[in-house]
Every structure is written in C-alpha cells, then in structure tokens.
Amino acid sequence: MKDILFYQLFEPQSSTYTYLIADSETKEAAIIDPVWETVHRDLKLIRELGLYLMYILETHIHADHITGAAEIRKNTMAQTAVSALAEIDCVDILLVDGRILPLGNKEIKTIATPGHTNACMSFQFEGMIFTGDSLLIRSTGRTDFQEGSATKLYDSITQKLFSLPDETQVYPAHDYQGFTSSTISLEKKLNPRIGGNRSKEDFKKIMEELQLTTPKKMHLALPANNGCGNLEIVRTMSPRSISGIPTVLNEEVYKKIGKVKIIDVRSPEEFHGHLGHIRTSQLLTLGSELTKFLEAGDRFEEIIFVCRSGKRSRQATEESIRLGYKFTSNMAGGMMNWNEKYLPKE
Ligand SMILES: [Fe+2]
C-alpha cells in the first residue's frame, strides 16, 4: 500500500481486531477499536514506528470487550472519537455520518452503519473500510441488544457498504474463523446472511432465528465502555495498599456482599469447618486450582480473596497481580476476623 502504514492486530480472548493506520509521510496515525488487554502492545508499536497518534476511533460501544481508549489517551496526545448517537460525554469528538477526519495528507471518512447497535460507525480510509460489527467476513453483527435492528443493519450494509467500490478491502472488528479481510465484491456475492441479493425479509428471519448467548463480559464492558474504558467506574471496592498489596477490611466486604466476587482460597475442610464461609464466596483452594482459574479469567474482574487469617489470601492476591489482574484485593484478617465481628457470640 502506497504512502500509508497499516497494521491488523488481534486480541485472542474476544477475537477482536484492532487496526493501526497512518500516513507514512507525516506519521500521523489512528487506532481503531483498541482492546484493554493489548494496550501495552499497541502503545509499544506506536512508539517503535515513531507515529503521532491523532485519533482513537471506536466503531461502536462494544459489549464483548473493554476498550483500551482511556489507557491509550492517557499515554498519547490522541483524541477519542465515537458516534454522537452513543450519547457518551467523556469522548473528545462526537462523530456523525460523512465526517472527514484529516490524517496527515490523507482522510478518514465516517459512514454511519447502524443496526448491530444504533451508534455503529464504519471508517473508510485509502481503499479500506473498517466495518466494526456491522459487516463481518461472510457474516454480520448480531442485532439483539444495544438497540440493534435487523432492518437498519440490512439498509446500512446493502445501501451504504455495498455501494462502495467493489475492490474495497473489508476489515471487521472480529473474526472467529481465522479470516483477516474480505472485499465488498466478495461479501456482496458470498455473504450467506446478506449477500446474493438476499431480501430484507430473509435477512430479518435469519437474524431472528439466531440463538446467541449474551457476551460474557457484557455486564462489565458496557458500563466501562460508556465511561470510555475507565475501569474505575465499574469498580465496587476501594482497597488501600498495605505493604504493596491492595487490601480491604471485612466490614467493607460485608457491605458489598452480592456485588463483588469473593474467592475463598482455603481447603474444602476449612471452608465447611467451624469458621464457616461467606455465603456468596466460591471455594478455589490456593495452588494449582486457583492458578488455573485465574489464568483463564478476565484480568479486569474485581475479586476479593479470603482465607483463615489473611495470609493465604494475600498470596492469592499477589498471584493474581502477577497474572495481570487489576482489581483484586485481600480481605484483611480472614474468616477469623470476620467471625469475631459478624457471628453472634455464644
Ligand atoms: Fe459489537
């Protein structure tokens, strides 16, 4: 590709593609749909390439992952940009259909493509279209939440995206089959949901019949993304640092029972023994059982670790931080302290 830089980056947990585009002459760049987990990789690449990041563009408010926008904005001079219809007040630029964002000697053009969500935007740049979750490779985004509408998605794809030049390269926000790109001409022909001149009625029926489960991070992703990826918004506890370990007091945990995940890291015998356990806690014994769970988990999940006296739960907190968890804390004093405070004395 002439005069431009283009990187397609991948986040495997949510199968999300992040794109970095730049005018190679002026080095002005934009990042599209950054993911919280891969912010440091992306920032490193931007630094290595000597780029000036101008924009952090979101194709929409994501339900399946937390945006890296806040973290990238903190470390660059870039402005965040999202559709005005998302009604988010923490963004720098509110996008509308047909807006031109200058990028060095080039331009990014916004194309409103509602349907997957009401506030979906596609971005056109140098023969490429970044379609977010509107048009996917041989598929489309779902339309069953966030004001999704099969009718609107059909119109967005058939009237706006399919009217782009046939050779336009299509780069979606996700792919679950291992594809990396397509073209408008291929999707017009081969997309099984909407290609081959499929009717709107057919498309609506296909979308209605999809039996999809709710994205597993949605309960955290939507509030966090509505706050531009500021994770403090979804945080329940405010731990203090004791010898470098985030620590919470048992009365703080008591007030938040049912609102925060509590993991008890003792043995099953202790869990069911005389000190009892916190009713909403999950037993995951310190050691391989806990480590396995943490390795597979979401690094932004807020977890309180509990044990008998606070020692093993401190180790569990350390382990979680080592694995990249951001919002884990140790409950000081463990169940001994908990029982002293909250169990009736004989
Ligand atoms: Fe989405």
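Both ligands and their constituent atoms are indexed starting at 1 by order of listing.
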Sequence neighbours excluded, every pair satisfying disulfide (SG to SG under 2.5 Å) that has a member inside residues 95-214: none

Any donor-acceptor N or O pair under 3.5 Å, side chains T291, E319: yes

Plane angle bin for Y171 and F6 - parallel if under 30°, tilted between 30 and 60°, otherwise perpendicular: tilted

Neighbouring protein N, O or S atoms of the Fe ion (ligand 1) [cut-off: under 2.8 Å, no waters]: H60 NE2, H116 NE2, D133 OD2

Which side-chain N or O atoms in residues 94-108 pair as donor and acceptor under 3.5 Å with protein atoms at least two apart or in another chain?
| unit_1 | atom_1 | unit_2 | atom_2 | d |
| --- | --- | --- | --- | --- |
| D97 | OD1 | A112 | N | 2.8 |

Qualifying side-chain hydrogen bond (donor to acceptor under 3.5 Å, both in side chains) pairs with a residue from residues 299-310, counting only residues at least two apart or across chains: T236-E302

Donor + acceptor pair across side chains of T131, S122 (<3.5 Å): no

